[in-house]
Structures are given as structure tokens and as C-alpha cells.
Amino acid sequence: MDKQAAASPTAPAARSAPAPASGSPARPAPSAALRSAARAAGARAAALARKPYWERPHDNWIVRRWPDLTACLVATFFFWLSLTPSLVPRPWYYQGVVGGITAAIGYGLGALASWLYRLLAPWRPSERVRARCWLVYLLVLPWAVGIMLGQSADMQRELRRLQELPPTLTWHSLMIALISLAVLVLLLVTARSVRLLTRVLTRLLNRIMPWPVAVALGLAMSTTIVAIGTRDVVWDRGVLEIADRIAAAKDRSTDPGVLRPYSPLVSGSPDSLVAWEDLGNKGRTFTGTVPSDTEISGFTGEDALDPIRVYVGRAAYEDYEDGAELAVRELERTGAFEREVLAVTGTTGTGWVNPTTVEALEYMYGGDTAIATMQYSYMPSWASFMVDRNEAGIATTALFDAIYERWLQEPEDERPTLLVFGESLSVAAIEAAFDGLDDMIERTDGALLIGPPDFSPLHTELTENRDEGSPVWRPVYDEGRHVRFAQFPEDDLDIPQGKPWEEPRIVYLQNASDPVVWWSPDLLFQRPEWLHEPLGPDVTSAIDWFPFVTFWQTTVDMAVSYGAPAPHGHRYGSNPVAAWAAIAPPEGWTDTDTERLSWLLEIRHPPRHGWAG
């Protein structure tokens, strides 16, 4: 046995190995496989350090090619810009989407700059320089992104403080980074796929025509394919068709707690000319939740009337003139032209009317009111804006003109006070019913316009021609003679050293932080006036304008504009009460009455989430 052990080639190594210390376990020698794996890992690490990027094997590799370093640097910079605050606080998941979109824009600009450099400049960096640059970028990137996200969370907390939100903030930095990366990769792969399609088309065409012609025709064909595919397939037959089906199903439904009214003074009742089924979802809510005379008397302490509400749903008429005529006949049936106040309003895309604005008038006047509107669509406002934005103005113009012509038939000293109002998209619809400010002053006794979108024609005219020195978020027009703007009506409607406020009075409620008011395609390339000093009272000083970035930030802001309490974002709360009290106060109305009614309506209509329009 000993001789055989001595003859074994492993015996000397076994004899020369020191004995393990007493009580210590023996440390096994690494296997050959482990040593080989370690050497391979070391070799890969060394190779990666020498060349931390991948060279595509052929120029035809487009979709799977390695990212461009310059493009990555610009994308990182744009991602950092996307983390800066905007008008309203953003949830972390929306921040991830904004970060990915803006990073993709930055990548595209960086790739374009890199391509132009390669095209025009003769010098190229060496492989060693490129490797070192990639290493520095990959090592610094995680730390830089972490610092960016930390600073962004601090800025979001400051914005929340300005807008009276709790300072606590859930800011999932890792998830923001992952969502942004996923969106960036998706957009990058899509863009490269389009580029690959263009190259394939060009090469196929080059077989039968000269190269320059093939390039031009290939670009034209790929552009057409992408445009038609995006518009007809993705947008019209995808997004819009899905939105239409959802909206149509919602329009046929009735919200919980809404019951068919039996008062003959509202549309949808058994006595109405408009069937309950034809009102649509928002119309049924509008007429099925009208306060009773008893409820109004509980506030006023005096006898009250049941308010009149006329609503013509989109299913109740063929064209807008027929719908407007139907609304007039409903007003006549209910005795609306004998009431003290007659108000005409537009609707948002879904047909929604803000109940706070409506009930403010009804409670102020003890129910001696009649309010009429006509639905022009059941699509949400964003879809209506894209598809039939002009239809809102056409429908509301037909409605107001028909009611106005009938109102003129009443004896001048017996006509009800004629008011108009609207919110969000319906502001533009109301404004479209008039040829300008003078026409609105001539044909109404007052107007309340809340959260006007940027494309509202009269609002744009008044803002552009505002008195020198007044900011765009609180403009003063003609020293406040007829029109005044407010975020805090109790304070803003009094203009020091302005002209006396003559009747009829027009009030615009617009928050400095309302993205619906300030969103515009011009944000892509032009710094907006609302970012000029002085900033609005609830806009953080950390905000700034960046090409492309601010546009997408403000676009996302519209989706979360109801996240802050009134009067911030697109929330206006009970401010319509103070506005109506300034426009057309009933006899004997006091500031105490305004405060009491504001509290009542805040209780009746607590803050809601999501976009009603």
C-alpha cells in the first residue's frame, strides 16, 4: 500500500501539504473547472475594460446596433431636464413616461449631431479614447441618475407645499428609472425599425431606378406607411375607436344614485320633450340631481322655487339647429322666460356641466333660475379636441342664438337676466358664440368663464392686448372696465387704481398653475409668457422652459391637473360662488352669504379625482 502510494503522482503533493490547524476545517483546493471559469471571467472583464461597447458585424445591422455615445449623453441630459418641476406635482409613474419620451427626443438629437459630425469632420477618436469614454459614462451614470432623482423629489415636495398638499411624497426612484428606460428602448427600437424599413425599400427600388431616385422614393414611401399606419391604424382604429366605444357605453349608463326626475321643470321627466334615455350619462346626472325648493329654502331661510334645468342630449336631435329649437321649446314649456335668471352654458366633450357653478346660481336666487345646455358629443374632452373641436363652438352658437332670439321677444322690462358660463373646453365653445368682447357685452348680462384652454379666441385676444405691466396669468384688460381675471376672487377682482367695474361683468377664473390654460403646441420651441417673472403665486421658482421637454411635462400635467386642491391645477372648487356674487348678485346678497354658500357647495360636491370632461 505504501509503495503504491509513493508511486502515485499525487502523493508528493499530499505529503507536502501542511496539516490543518486543530479545530479548523480543511479548505478544499479549487477545482480545475472553477479556476478555468475565474480565468474566463477575468479575461471578459479585461476585454470589457478595454472595449466596453460592441461593434456591429455589418452596416446592415440597424435595429440591434450598439447605442451611440453622444446620443446617450444627450438622452441623459434630457432625462435630467424632464425631472425638473412643472405646473403641478406629478406621480412617479407619469414621471417615468415623461422621462422616457424626453430621453428619446434627446437621443434622436444626439444621434443626429453625431451623424453630422461623422459626415463633416475628418478626425475620429481612437478606439482607446472611445473605450475610456464609455467606461466613464457607464460608471458615472447610476450615481448621476440617483442624484438627479433625489433632487427631483425635493423639488416636487416644494411644489406640493406651494399648492397646499401634504409634504409626503412617494417617489419610487428605481421604478422611474426603469419605466423611463423601457419607454426609451421602445421608442428607439421603433425608430430603428422605421429606418430599417426605409433602407430595405431603398435597396429594392435601386434595382430598377438610380440610387438618388430610390432614396427619395424610399423615404417618401416609408413616411407614408408610418403616417397612414399611425393615423388610421394606431390612432383612428386604435386609440380613438377604443375611446369611442368606452365613451358610448358610459353615455348609455346612469351613475349610481341618479334617479329619473318627476318634476315637470327639468328635462327627462315624464312631461319633458326630451326622453330620459336621450339625455346621455352626463345629462341624466345634470337633471337627476337638481336641488329641490326645500333644500334651497334650508339655505336661504325663505320660500324657494324648484329650479328649471333644460338639457338636450345628443341622441335627441339630428342637427344643431334642431337641437337648439328643441331647447327653446323646453324652456317655453317650463316657463323659463318668466324666471329671474336665464343662463346658457356649454358642455365639455362628455356633456358634463360643473354642478357647483350651476347650484351657486340656483341657491343665490332661491331657485328662481333656468339653465339650458345642449350636448354635442359623448367623447372625453381630449378626444373631442382631436376629432371635433370646432363642433363644440358650432353647437353652442346655435343654442345661444336660438335662446337669445326667443329672449328678445319678451318685453324689455320683463326679460330675465341673461347669463352665460362655461368651464374648460366649453369656455371656447361659449366664446365662439360671440364675435368678440363687444358682442358678448351687448348680448348678455354677464359671463363666468372657468379654466379657459389656450385656443379660446376671446381669452387669447384679451390676454394678448392686456394692460402693460400685468402678468399673463393675471391680466388686466382696459383697467378692468368689464373683464377681470382671478384665482382668488375675494382679492383678485378688486383692481387698485382701475376703472369702475361696469356692467355687464365678465369674470375669468384661471389658476396660474392650470396646465389646461397654458398648454399649447408652441411650448415645443418657444418659451411661454407664463414663465416670465413674476411667476404665479403657486408656481415654483425652480420651474424653467426647455425645448420639447416643457411641452411633454405640461401635456402630462393636464392628466394630473385634478391632483391639487382648489384653487390650483384645474380645480376651482367653490370659487364660482364668489364670481357669481361679483357678476350678478341678487338684491341683499352679502359677503357672509357668499362664505356660507361656498361651504355648503364644498360639502355637497367634495373634491373628485380624474377628469370629468
Side-chain angles (χ1 to χ4, degrees), residues 163-165 285-286 289-302 304-305 307 309 340-341 343 345 352-369 371 417 419-424 426-427 446-452 474 484-495 501 505-514 517 536-538 561-609 612:
Q163 299 188 7
E164 305 173 76
L165 286 166
T285 300
F286 179 74
T289 58
V290 58
S292 66
D293 57 349
T294 304
E295 291 176 293
I296 296 175
S297 293
F299 170 77
T300 63
E302 301 175 355
L305 299 175
R309 291 190 184 182
E340 186 173 356
V341 171
T345 181
W352 177 77
V353 180
N354 190 340
T356 301
T357 311
V358 174
E359 291 181 13
L361 270 180
E362 293 170 338
Y363 275 87
M364 288 175 69
Y365 282 90
D368 197 5
T369 59
I371 297 173
T417 299
L419 304 174
V420 294
F421 67 94
E423 181 167 341
S424 195
S426 67
V427 172
L448 174 56
L449 305 169
I450 305 171
R474 194 72 68 249
R484 300 195 177 183
F485 296 76
Q487 180 171 354
F488 305 94
E490 298 83 355
D491 301 322
D492 296 337
L493 293 178
D494 293 327
I495 300 178
W501 199 358
R505 296 175 175 180
I506 299 169
V507 169
Y508 280 91
L509 292 180
Q510 62 177 43
N511 299 334
S513 57
D514 188 348
V517 176
D538 54 349
S561 58
Y562 278 102
H568 308 287
H570 200 51
R571 284 192 185 275
Y572 291 87
S574 61
N575 275 350
V577 178
W580 281 132
I583 295 167
E587 185 177 353
W589 189 263
T590 65
D591 292 341
T592 302
D593 293 329
T594 297
E595 186 175 349
R596 289 177 55 236
L597 184 53
S598 296
W599 278 105
L600 174 63
L601 295 183
E602 286 176 4
I603 294 172
R604 284 179 58 87
H605 304 288
R608 55 188 167 77
H609 298 282

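We number each residue from 1, following the sequence as shown.
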Task: Heavy-atom donor-acceptor pair, Thr417 side chain to Val341 backbone, under 3.5 Å - done: no
Task: Pro307 side chain reached by Ile296 side chain, heavy atoms, under 4.5 Å - done: yes
- [ ] Supply the atom-to-atom distance Trp599 CH2 to Phe299 CZ, rounded to the nearest 0.5 angstrom.
- [x] 14.0 Å
TODO: Using side-chain contact (heavy atoms from CB on, under 4.5 Å) as the criterion, list what pairs up with Leu165, not counting sequence neighbours.
DONE: Pro89, Arg160, Ala564, Pro565
Open item on the list: So Leu493 and Trp501, do their side chains get closer than 4.5 Å, heavy atoms only?
Closed with: yes
Task: Stepwise side chain to side chain contact (heavy atoms under 4.5 Å, CB included) test for Leu448 and Val507 - done: CA-CA 5 Å; Leu448 174 56; Val507 169; 4.0 Å; yes
Open item on the list: If I compare all heavy atoms of Leu509 with all of Pro489, which pair ends up nearest, and what's the gap?
Closed with: CD2-CG, 3.8 Å
TODO: Go through the structure and list residues passing salt bridge (charged side-chain N to carboxylate O under 4.0 Å, His left out) with Arg474, not counting sequence neighbours.
DONE: Asp492
Open item on the list: How long is the straight-line distance from CG of Leu449 back to OH of Tyr508, given to the nearest 0.5 Å?
Closed with: 4.5 Å
Give every donor-acceptor pair under 3.5 Å between a side-chain atom in residues 572-581 and any protein atom, sequence neighbours left out.
residue : atom : partner : partner atom : Å
Tyr572  : OH   : Asn511  : N            : 3.1
Tyr572  : OH   : Asp514  : OD2          : 2.6
Ser574  : OG   : Glu602  : OE2          : 2.8
Asn575  : ND2  : Gln487  : O            : 3.1
Trp580  : NE1  : Thr357  : O            : 3.2

Task: Any residue meeting side-chain contact (heavy atoms from CB on, under 4.5 Å) with Thr592, in chain and number order, not counting sequence neighbours - done: Thr590, Arg596
TODO: Report the residues that fulfil side-chain contact (heavy atoms from CB on, under 4.5 Å) with Arg309, sequence neighbours left out, ordered by chain and then residue number.
DONE: Val266, Phe286, Thr289, Val290, Pro291, Val358, Glu359, Glu362
Open item on the list: Strictly distance-based, threshold 3.5 Å: is any side-chain N or O of Ser297 a donor or acceptor partner for the main-chain N or O of Ala304?
Closed with: yes
Open item on the list: Could you measure the distance from the NE2 atom of His568 to the CG atom of Asp538? Nearest 0.5 Å is fine.
Closed with: 5.5 Å
TODO: To the nearest 0.5 Å, tell me how far Tyr562 OH sits from Arg571 CZ.
DONE: 7.5 Å
Open item on the list: The criterion is side-chain contact (heavy atoms from CB on, under 4.5 Å); which residues satisfy it with Ala343, sequence neighbours excluded?
Closed with: Leu361, Ile371, Leu419, Phe421
Open item on the list: What's the separation between atom CD in Glu587 and atom CD in Glu340, rounded to the nearest 0.5 Å?
Closed with: 9.0 Å
